[in-house]
Amino acid sequence: MVTIKDLNTPKKNTWCPGCGNFGILSAFKGALVELGFEREQVVMVSGIGCHGKINDYVNVNGFHGIHGRVLPLATGIKLVNPDLTVIGFSGDSDCYDEGWDHFCHAIRRNIDITLIVHNNMILGLTTGQATSTSMPGFKTKSTPFGAIPPALNPLAHALVAHGTFVARGFAGDPKHLQSLIVEAVRHKGFGYIDVFQPCVTFNYLNTYDWFRKRVYKLQDEGHDVTSREKAIEKSFEWGDRIPIGIFYKEERPTYRDNLTHIKNTPLTKVPIDDVNINSLLEEMK
Amino acid sequence: MVTIKDLNTPKKNTWCPGCGNFGILSAFKGALVELGFEREQVVMVSGIGCHGKINDYVNVNGFHGIHGRVLPLATGIKLVNPDLTVIGFSGDSDCYDEGWDHFCHAIRRNIDITLIVHNNMILGLTTGQATSTSMPGFKTKSTPFGAIPPALNPLAHALVAHGTFVARGFAGDPKHLQSLIVEAVRHKGFGYIDVFQPCVTFNYLNTYDWFRKRVYKLQDEGHDVTSREKAIEKSFEWGDRIPIGIFYKEERPTYRDNLTHIKNTPLTKVPIDDVNINSLLEEMK
Amino acid sequence: MKVNEFSLMIGGEAGEGITRAGFLFAKACMRGGLHVFGTNDYQSLIRGGHNFYVARISAEEVYSQADFVDLLIAFNAETIQLHRTELASGGGIVYDKDDSAVNDEFIGRKDLKLFPIPLRKTVIEQFREQPLLKNAIVLGATIAIVGYDLGLFEKVLKDTFKAEVAESNIKASRIGYDYAKNNFADDFEYRLKKKDSVDKQRIFVEGNEAIGLGALRAGCKFYAGYPMTPTTGLLHFMAANERKYDIIVIPPEGEIAAANMIAGAAFAGVRAMTATSGGGFCLMSEALGMMGMTELPVVIVMGQRPGPSTGLPTYSAQGDLRFVIHAGQGEFPRVVIAPGDIEECFYETMRAFNWAEKYQMPVILLTDKYLVESQRSVEPFDINRVKIERGAIITGQYTEQEEYKRHKITETEVSPRAFPLTKGAIVRTSADEKDEYGYTTEDPELTTKNADKRMRKLVCLTKELEERGIETVKFYGPEDAQATIISWGSTKGPLLEAMKLLSRENIAVNYLQIIYLHPFPARKVAKILGTAKKTIAIEHNVTSQLSSLIRDNNLRDVDHKILKYDGRPFNPGALTQKIKEVL
Amino acid sequence: MKVNEFSLMIGGEAGEGITRAGFLFAKACMRGGLHVFGTNDYQSLIRGGHNFYVARISAEEVYSQADFVDLLIAFNAETIQLHRTELASGGGIVYDKDDSAVNDEFIGRKDLKLFPIPLRKTVIEQFREQPLLKNAIVLGATIAIVGYDLGLFEKVLKDTFKAEVAESNIKASRIGYDYAKNNFADDFEYRLKKKDSVDKQRIFVEGNEAIGLGALRAGCKFYAGYPMTPTTGLLHFMAANERKYDIIVIPPEGEIAAANMIAGAAFAGVRAMTATSGGGFCLMSEALGMMGMTELPVVIVMGQRPGPSTGLPTYSAQGDLRFVIHAGQGEFPRVVIAPGDIEECFYETMRAFNWAEKYQMPVILLTDKYLVESQRSVEPFDINRVKIERGAIITGQYTEQEEYKRHKITETEVSPRAFPLTKGAIVRTSADEKDEYGYTTEDPELTTKNADKRMRKLVCLTKELEERGIETVKFYGPEDAQATIISWGSTKGPLLEAMKLLSRENIAVNYLQIIYLHPFPARKVAKILGTAKKTIAIEHNVTSQLSSLIRDNNLRDVDHKILKYDGRPFNPGALTQKIKEVL
Ligand SMILES: Cc1ncc(C[n+]2csc(CCOP(=O)(O)OP(=O)(O)O)c2C)c(N)n1
Ligand SMILES: Cc1ncc(C[n+]2csc(CCOP(=O)(O)OP(=O)(O)O)c2C)c(N)n1
Ligand code: SF4
Ligand code: SF4
Ligand SMILES: [Mg+2]
Ligand SMILES: [Mg+2]
């Protein structure tokens, strides 16, 4: 079983001092230790953005893919080898803009992976432009006169897409976040956590303080995680009070559960040196 | 003002006899007449699929684009020239699979266009495979052992994406559909209509009969179109009774309304022969 | 009388089961020891429009359709109108007796035999309006007209359909057979006779199926594919076999997802594949670069059709050669293989997986509609010709002293692969430039080294191909010839037929088929072109892309280009004519 | 003493405002009548890592950075460690007096002047921890060290910042200036002197801005762009000017949306543009084909960086030449223009819009990070050099007898455009093959005709380019030379500098810059190569893609290839060396 030390890598961390990503990193490492994994069991899949650098900072298997494609990559890995624990790390633009195509579909399929979205409400690595979760009026280099549309509500989308585990964390509360990650990974099915991740360099609006003043924990207030309607309602709560925690949780067969012919077999273990195609050839005669 | 006859084209219609697309075509033509447009005012934008052929069958301006990209194309056209009435025709795979990236974002932006999705719950033109709106268990050539995930609920997504006009029609009731199209086009903002469109050739499950037995009109039952929650709830009604009609309607500034510098000016009318860049050059000295 | 040299066309509207009818007839012929080639022509629509299937049947091996039709089964008058000029003198037309549009004047030719048969009437009266049974009726009649064996046809029906369906089809075919026997003189010029002893049992298989068989045999375990003509058939084939072969076939939300899913599957350690056409390939091109960068083995089947853009979605073309060679930003190794016939579809698919894994890079099988949607009777594939070779893989446990390096720079340019869950190995990769461990880097020296490493894999592959004598090109015809024809892909079939025709006229040409387009077998091409008297490139594109590759690699131009880019394949006779024009 | 020939480097961590500091200094120099070139080097991260900006200042026109650094402003010890070998003998280092890591031993060179300055201390004591003010301090000091005019610098600060910010910067710069004056002997070898009379006011502008200015001047009215290094600066420029220029700048959900949005805008009738880099271009490639097919005029700015895949996202490369020429299935016309310097960025952008509209096809401006993110002092652009030419457009009302045909086949190959809402005209188009009215078709003859029509547009364009004497290539240096260098894009700058160096050694080479890569100016290239004694291609890629184009178009290879693909530009001296090696 892995220790925090085992998880360290020789790579110098280049996130801005104080960046919310540090909270996610420490919560994640803590969760891996808490879950008692071996390093070989875990695969991190990350997108392109500041968030994506997390791959360099945790010493487990990792695939730092292209922008927006965390979910199909992770899907391919997990379906092929269900013995792996596959965890995706995406950004708000990575997941909700460029990669939006995949989000609702991966959730519908209930692929048995975890997705952590570093939602800093900005494109960080490209030096600060508005994303779909940026608040209307938010001024950035791409929106010098203010972002126009209402912000995307990714949690609501996950919920109406039949998500089976929908949660939100805050990088400023890594302990709470760690508990969410642990639950999400243990969840059989698609575990989704959107994480408020202050970008201290470019997001002058949604700062630690801004969040700290507003966030409260659903689980402190007796929220019913079995009600999808309630969860949708909560996902729209935005203003003086913003909820974090588990919004919704349900058990439903995963995509792989439906593949009854292979059940839990890793396809990597199916021999391929002499696949018999004779009966197919016979049919073609 | 255009008549039905003006709208005919010399192209031979190649939809399968009885295809739900005929209902959409006649409802649309009827709506154009009812709205009293001139042919030059209207631009149809269509995707690739059986639905996309509609471009050949209505004699107005038209852009038959590539698969999945109706919305960004329509967005570009409308933003540039707000005097045009832009109407998108998409398929369930075109819009909810390949083009899913754009759906929620165009809705959020509240681009002032209309979108009609020919939802036959199948890929028609490629000879019958499952799409994201196919019902679980649905057997097709791509899913010979049954489609796996729960069907996507596009209306719910439109609603949580801050849609301002969300409706569903049925190709088997073209008169009702026509009234929806008229309302959607008149709506200032993104008018979205998902249309149940029986594919008589490949969709053996969701037939005219299947729908006729189930659909009922929200407006017959005093549905409150101003309540988003109610609308979301209704969008999940699926079984013996399935609602059609207007689920939700609201006024909210369109994307263009926010571009105060150009207001309603068509950019096509802004002269370009001598744009003055001197002040910018001056700043660089 | 012409025995066992016959070209049949069945034409009508889409949705009438024409392709299936052609398939059934062809198979019956094949089982009688005859050789068959079949191909279809249809528009991008589901009903209506005009569709046709042509089957060419011969005692000798056949590689393509013929220029002329000997017997036309016309389900509507339009079919006659469109194809009457293609009919051979002495040929015939089978049509519905009750089609009032068809009469002598309409047909307008006196040199044809007419075979009117009550079709709709029979269907209505005897088969409670099951319209597809008219296929069985006309095929039964056709068998009578050409004097073939109805029993063989009945057996095909039995083997193809469920008992009940087979039965009504058999009944219908007998009605057609008897009607023709009773109503038409037995003097049709064209005859089909089954061989007395059938030496070899052949299979009747289309390109998509041959690729699918190759993939299954090669151990492909993960297939993600979004439908797109002309490779949709491959998706269907793989999906149908998902459970039987313990594989996963997943319908993704689009091609971007498909490509990234197979990348994930390959990273996890299985052989993975997708198929698409041009538009989908565009969407995959970003992931293609990622596969090159992360050294992932995948196979991508690309079925060409006429572009640009959606173009003619159900027709055939060869306009994407340069595109697939250069798709994706930056420079990375890939292999582009263009099988030219059904057999090559099978064997090259098997090889594709081997190159992919041995050299850890994407392999593109560049096909087209004419290749993957045409059928041919061929000898059952030799399933042992291409052995599985997976390259350097660390199995079991990783036990070396040094930490595992997924992207280790080695002398062979290949870094042994471990898959996630290999005890002792952490497997890390990145679409960014990276060090040997897979950590991202921006170091200039490492960047140069890695680029060299990646590109040198092509050098090593080229060496292996040469040393093992892999047929990266094939050469047909006499060494000494008036001209050398150069082509790639599906033009092979009509070209082999054209060469038969030319040799009948004592015109000697030879033919260089290029199967491996990238890396380009420049040495072999140079050798053959070096002695060629005159060179002719034959392609289905506007700019003669193969000539461009030859100029680029061999610094010489091809003398003549015969180009056709209307979506339709060459007919052998017409092609012969074009060749003669430039000789 | 070296006057007005000076190379400055400012290095430190990302986030320290280094590029901005370089910009301010450079601008102050420019305003004194000096020529300046500036470029930056940074990693794909926001804070930390190592960043540097180099400015080269000269009395003569300068085209690139120099090989050596005359004065290094080092914000940390790492900067000294990384760059000490690049310092010219007699050069100097400005650094924080209180950085305990830096001492003589650490610097390890005796031939340098050291200028320790209290930086952090001053910031803490005098500027309430505003760390960015240390830039002003060191720049003030630098001005003192090289004996330049502080007033000019103060003016730049005033013009750049809001009053308050300017004031504290001025204060800080004075502290630095005074400190240096008081503490260091006035014997630094390198001197900057403003010219007595500044003949021409120049502008200091980077490639992205030059393109943006060209686009605005050309009347671009719609810009959709998703951020991607190195063209993000263009997005920012366009967004900043949205309101002032009555245009729309929309941030889309990704590049696929961007490309389709500009296609829509172009169809509706305005000049539209997007910009991206390789990965985004992959995603646009499907829409690119659609633009070719639907004959839409758009301009796509492509900024290259090292691939494959994400590669080195903040560095420079030229690996995408073949990719952009061939991207998209099928064959369709496009123009690929590679500006080589700031001026060409402006003028070729203006031309790009003209070709796009006149020939109704996409035009790709192929740039790279080194070009679009470097700055140079240049003469203000001649805004009237390139006139707006929009090609055949039906304005007002369509009044012809025959129905309007958007895709009419004409003698000029161009179908006059009407935009939707033109009275009397229905404007219809399709990504499928289509007839003249824009209705889809699968007809073989029409398909051939349309393909020919589309491709012939390139022939017509080529003719126009020749007839009007558009500089599709440029030629530098003596006609009679030992060798001819051929290159494209941003290698131009270092190359012009290298030629200066070579001519000082009396080595005569000349230089053929290819600006229009597609359609390829084969005739002009042939003419020049015909007389070349020896040819050398200089590129930032692995396979020498320009050589491949030359082989393909001119049937001759380039004799030598000098290739560098580590993301960094050539330095003139190093390049000179390489050239001499192959002479
Ligand atoms: C296809 C593509 N388009 C654009 C980019 C440029 N790019 C790099 S990071 C990034 C997005 C960063 O935003 P986000 O996903 O929110 O991540 P963050 O940096 O905020 O963590 C973009 C657009 C890219 N790498 N690939
Ligand atoms: C990029 C791309 N991928 C795949 C295709 C092939 N294709 C043609 S139509 C179609 C989808 C048809 O489904 P849908 O959008 O539901 O339309 P329908 O035919 O049912 O009206 C597909 C996938 C394509 N044209 N482009
Ligand atoms: S730019 Fe923002 S998100 Fe990126 S590392 Fe810095 S603080 Fe974090
Ligand atoms: S296949 Fe289905 S959707 Fe397409 S035309 Fe036929 S019935 Fe309509
Ligand atoms: Mg972000
Ligand atoms: Mg559909």
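Each chain gets a letter, A, B and so on, in the order its sequence line appears, and its residues count up from 1.
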Residues of residues 301-310 of chain C with any heavy atom under 4.5 Å of a heavy atom in chain D: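 Contacts with chain D: C/Gly307, C/Pro308, C/Ser309, C/Thr310.
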Chain D-proximal positions within residues 315-322 of chain C [heavy-atom distance under 4.5 Å]: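 Listed by number: C/Tyr315, C/Gly319, C/Asp320, C/Arg322.
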Check each atom of [X] against the heavy atoms of chain D and say whether the ones under 4.5 Å are side chain, backbone, both or neither.
X	result
C/Ile325	neither
C/Thr441	backbone
C/Met455	side chain

Could you have a look at [options] and say which one has the most heavy-atom pairs with chain C under 4.5 angstrom?
options	value
D/Arg556, D/Glu442, D/Met291, D/Lys449	D/Glu442
D/Gly278, D/Gly280, D/Ser547, D/Ser430	D/Gly278
D/Ile550, D/Asp557, D/Asp452, D/Ile256	D/Asp452
D/Met290, D/Glu433, D/Arg568	D/Arg568
D/Gly330, D/Cys282, D/Ser44	D/Cys282

Heavy-atom side-chain proximity of C/Thr429 to C/Leu296 below 4.5 angstrom: no
Mutual orientation of the aromatic rings belonging to D/His83 and D/His50 [parallel < 30°, tilted 30-60°, perpendicular > 60°]: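 Aromatic pair D/His83/D/His50 classed tilted.
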Top contributor to chain D contacts, counting heavy-atom pairs under 4.5 Å, from C/Glu445, C/Arg454, C/Lys564: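 Highest number of heavy-atom pairs under 4.5 Å: C/Arg454.
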Residue pairs fulfilling side-chain hydrogen bond (donor to acceptor under 3.5 Å, both in side chains) with at least one residue in residues 284-295 of chain D, sequence neighbours excluded: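 Residue pairs with at least one partner in residues 284-295 of chain D: D/Glu295-D/His407, D/Glu295-D/Lys453, D/Glu295-D/Lys457.
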Over 12 foreign heavy atoms within 6.0 Å of NZ, C/Lys578: no
Neighbour count >12 (heavy atoms, 6.0 Å) for atom NZ, D/Lys561: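 Yes - once you tally the heavy atoms of other residues, nucleotides and ligands closer than 6.0 Å, there are more than 12.
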Over all atoms of both residues, closest heavy-atom pair of C/Leu575 and C/Phe570: CD1-CD2, 3.7 Å
Which residues share a side chain to side chain contact (heavy atoms under 4.5 Å, CB included) with C/Arg47, sequence neighbours left out: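 If we apply the side chain to side chain contact (heavy atoms under 4.5 Å, CB included) test to C/Arg47, skipping adjacent residues, the hits are B/Cys16, B/Pro17, B/Thr201.
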